[in-house]
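Structure first, commentary second.
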Amino acid sequence: MSPEAHSAPRSLAEALRARDDASLAALLRSRPDLITPVPTDLTQLATRAGTRASVLRALERLDRFALQTAEALAVAPDPASYDTLLGLMAGDAGDETVARALPRAVATLREQALVWGDDDRLRLVRTARELLAPSPQHPSPTGLGPTVQEATSGMSPGRIQDIVTTAGLPSTHDSVSAVAALTGLFTHRRKMAKLLAGAPEAAREVLSRLVWGPPYGQVTADPAAHLRWLLDRGLLLPTAPGTVVLPREVALHLREGRAHRAPEPLPPAVAPAATHSPQVVDATAAGQAYTALATVEELLKDWDEGGPAVLRAGGLSVRDLKRTAVALDVSEPVAAFWAELAYAAGLIASDGEADERYAATPAYDEWLELPPAERWARLARAWLAATRTPGLVGGRDAKDRTLSALGPGLDRSAAPEVRHRVLSLLAALPQGAAPDAESVLARLRWERPLRGGQRDGARDDDLRSRLARWTLSEAELLGVTGRGALSSQGRALLGAPAAPGASAAPGAGSAEPTGPGDKLPVHHHRAPERLAPLSPAEQGVAAAAAARLLAPLLPEPLDHVLLQADLTAVAPGPLRRPLADMLGVLADVESKGGATVYRFTPASVRRALDAGRTTADLHAFLAEHSRTPVPQPLAYLIDDVARRHGHLRVGAASAYVRCDDDALLNEILADKRAAALRLRRLAPTVLAAPADPATLLEGLRAMGYAPAAESAEGDVLITRAHAHRTPPRTAPEPVPDGPPPPDATLLTAAIRAIRAGDLAATTPRKPVGEPLAGGELPRTSAAETLATMQAAVLTGDSVWIGYVNAEGAASQRVIAPIRVEGGFVTAYDHTADEVRTFPLHRITGVAELADD
């Protein structure tokens, strides 16, 4: 161990220098902003760790007790001993729970490089002290005010001596010793108790109102007697005309040494609100998962031929969202959730046309071909990682603009972390236990008390609390939870192990791997409630495991319906895709639920004929897939519509109508409803109109006819559903919450580079020529540089060089020369940990390393 490791560090850089590689890796993993870009040495790492933005980010990621510990250090002497800190946290009487939890909090602050130094000299980094220490502009979360020394800094020496004398202390020869004597009195428990025993009752009441903060109060120019008693003895000190403050030492005495009114060393437990059978939970969640698939399919089917228009600013209009909610038979917030989920999964996007509209993507067709469980797993995985937050739809952004579904401004980088954390807390409960929502929110507030710069704890309406509430409701909609409890497939989606003693639902199989490539990414080294987020590869494996658990719980698709005499068909369960697709064209959905009711109408039958089906095809289809005989009214309906279908032909003239039956054309011309179409006869069997073919088709159908469109060759045009698709689109990328955590490879390379750079910066060197100020690189002539390099090759010693690369960037390096020839030196570069070749003309100077 180096000599520095045995002595107390004098700076954060020295404290970091004494750490091993594992400790540095833990710091860079917890504060990834420190590694972007990789620091050149440990001094630069320490400087970056002390910047305001980085410290704020680190403070916001502390749990409540670690933050309370940092706040206590901010009001403690600098440096403070561990015993002093323990007294501030546990009080004079001592609190065993706080005492047991404090080492963990201090270790957390040390790991985060917010605190450095040995236990006898703990130091909070300067920026953190500035952020957390009390000031008139930013009160301390502890409620403490300034110290006696700070509060009396502008007071006249005579006034200070008067306070010392009135407090019963001997006068001193200067203000410094007087302030020290007064501080000693206020920190002496027995003497302070004696002083306060003689205070008027009204004075003690004033102190009790200020003791827990805020410590500032207002007084008049002629204060009352009890206030004068406090002012004369320094128990209240003036800070400005009409304003007084309770000194920190006095408040700590009244608090019995505690910096916080209510230390929270332990996280609040997540309480179960109800407990259900695991089988009931899994079955309920599977039902919700099936409903989720059906809803997303219905949404995409509604947008197949071109969905709602894209607003100029992006997103859905309020009217289109309402129409979508009506079509899905859900509320508008739920409709926004389904639209955002489909968007996050890459199933819908804007088509990019001049008249831009939303439509299904080619990925939707691929998704439809997957088994139902795999389709659900893809939706659930997209939801878990998405930063887009549907719950914000309808709210206002910073510029008071309405946030619309599928529009900009909905990304919240904290959303994936909150979702994962909420589900992890559910995974820590016994299987089948549904949590009390308020206990989940309380736990999250303890884990992350700072929100948006607030230093007084999170409010009920803060973003993380809202994200947590949305997570609980969205997980239920999606089937990740059932009756509020995490389902088996939800656990697998997180990579969590099964709860102790949990039994799988009948027929659900096992969550254990079923093949050599199906190893579940369970983090066995962590407690279930501390599940680490999964890597992309692990997410894929976890999603596959969740799909395997869900598959046996989903209802089997049926290949039949029940036809009824009232022109309806009842599907007693989910239908196989070809049957569902064909029935969706031939009939209209009348009601949904456990059983879906379809109704046959002339318009729906005509729709099937327009799609290219013949009368024989429709009769055969119904006979094949009905468990009941085809009712006569339905057969008559099909035959009647088919008999009239295509009897009229519409083409482009702008449009024309042709028919072999001139009497029928005469009937159309005589109909007053045809006046708007402005038809005229071209031939006994042909009518022409200035309207386009589509308008003419709609007009004739509105009059009760069943025309068919035809091509330029005279063939009947078949209109097919699912015609409109966007060009290939990628799903929206989540917006990261700062730099991503570095992987093991990057951490190893970064630490090696930092260590090497630190070696180059701190290795003792022999002086070269005149001493240089400000850490300037030494300058040596070309001859001196060459001679030193050649000597180092012979001796095998390392040297220190200044080097300017091709881009003009200067750096210092420690190298071990191997060969010098042709104007180049080949050497082992300790900084880069590799053998490199350096042009001699780019070396500004060289120095031998000191012998030690």
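Glu60 and Arg57 are not joined by a salt bridge, as no carboxylate oxygen comes within less than 4.0 angstrom of a charged side-chain nitrogen. With respect to Arg421 and Glu447, a salt bridge is recorded, a charged nitrogen being found less than 4.0 Å from a carboxylate O. A salt bridge links Glu438 with Arg469; the closest basic N to acidic carboxylate O contact falls under 4.0 Å. Checked for salt-bridge contact, Asp63 and Arg104 meet the test: a charged N lies under 4.0 Å from a carboxylate O. Between Glu264 and Arg445 no salt bridge is recorded (no basic side-chain N to carboxylate O distance below 4.0 Å).
There is no side-chain donor-acceptor pair under 3.5 Å between Asp120 and Ser81. In this model, a donor atom of one side chain and an acceptor atom of the other lie less than 3.5 Å apart for Asp462 and Ser465.
Residues satisfying the salt bridge (Lys or Arg N to Asp or Glu O under 4.0 Å) criterion with Glu340, sequence neighbours excluded, are Arg388. For Asp119, the salt bridge (Lys or Arg N to Asp or Glu O under 4.0 Å) partners two or more places apart in sequence, or in a different chain, are Arg110.
Looking only at distances, a side-chain donor or acceptor of Glu249 sits under 3.5 Å from a matching main-chain atom of Val148. Of the possible donor and acceptor atoms, none in the side chain of Arg412 sits under 3.5 Å from a partner among the backbone N and O of Thr389. Side-chain N or O atoms of Thr51 include one that pairs as donor or acceptor with a backbone N or O of Arg48 at under 3.5 Å. A side-chain donor-acceptor contact under 3.5 Å links Arg255 to the backbone of Val211. Between the side chain of Arg248 and the backbone N or O of Pro146 there is no donor-acceptor pair closer than 3.5 Å. In terms of modelled atom types and a separation under 3.5 Å, the side chain of Ser439 and the main chain of Ala271 share a donor-acceptor contact.
A heavy-atom distance below 4.5 Å is found between the side chains of Leu426 and Val422. By the 4.5 Å heavy-atom criterion applied to side chains, Phe65 and His260 are not counted as neighbours. You'll find the side chain of Ile160 stays beyond 4.5 Å of the side chain of Ile163, heavy atoms only. Contact annotation: the side chain of Met155 never approaches that of Ser175 to less than 4.5 Å [non-hydrogen atoms, C-beta and beyond]. Put simply, the side chain of Leu88 does not reach to within 4.5 Å of the side chain of Thr142, judged on heavy atoms. A 4.5 Å side-chain heavy-atom check between Trp116 and Leu122 finds every atom pair outside the cut-off. At least one side-chain heavy atom of Tyr82 sits under 4.5 Å from a side-chain heavy atom of Leu102. Put simply, the side chain of Met192 reaches to within 4.5 Å of the side chain of Leu195, judged on heavy atoms.
Residue Arg126 places its CZ atom among 12 or fewer non-hydrogen atoms of other residues, nucleotides or ligands, all under 6.0 Å distant.
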Validation: residues 397-404 side-chain donor-acceptor distances under 3.5 Å, sequence neighbours left out:
unit_1, atom_1, unit_2, atom_2, d
Asp397, OD1, Lys399, N, 3.0
Asp397, OD1, Asp400, N, 3.0
Asp397, OD1, Arg401, N, 2.6
Asp397, OD2, Arg401, NE, 2.9
Asp397, OD2, Arg401, NH2, 3.2
Thr402, OG1, Arg396, NH1, 3.3
Ser404, OG, Gly314, O, 3.3

Please list every donor-acceptor pair under 3.5 Å in which a side-chain atom of residues 214-238 meets a protein atom from a residue at least two apart or in another chain.
unit_1, atom_1, unit_2, atom_2, d
Thr220, OG1, Asp222, O, 3.1
Arg233, NH1, Trp229, O, 3.2

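Sorted by first and then second residue, the side-chain hydrogen bond (donor to acceptor under 3.5 Å, both in side chains) pairs involving residues 179-189 (not counting sequence neighbours) are Asp92-Arg189. Applying the salt bridge (Lys or Arg N to Asp or Glu O under 4.0 Å) definition to pairs two or more places apart or across chains, those involving residues 19-38 are Asp21-Arg755.
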CA sep, side-chain torsions, deciding dist, call: Leu246, Leu207, side chain to side chain contact (heavy atoms under 4.5 Å, CB included): CA-CA 8 Å; Leu246 181 68; Leu207 294 178; 3.5 Å; yes
Intermediate values then yes/no, side chain to side chain contact (heavy atoms under 4.5 Å, CB included), Val393 and Glu332: CA-CA 9 Å; Val393 172; Glu332 291 174 36; over 6 Å; no
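Interatomic distance, CG of Asp174 versus CD of Gln161, reported as 8.0 Å (0.5 Å rounding).
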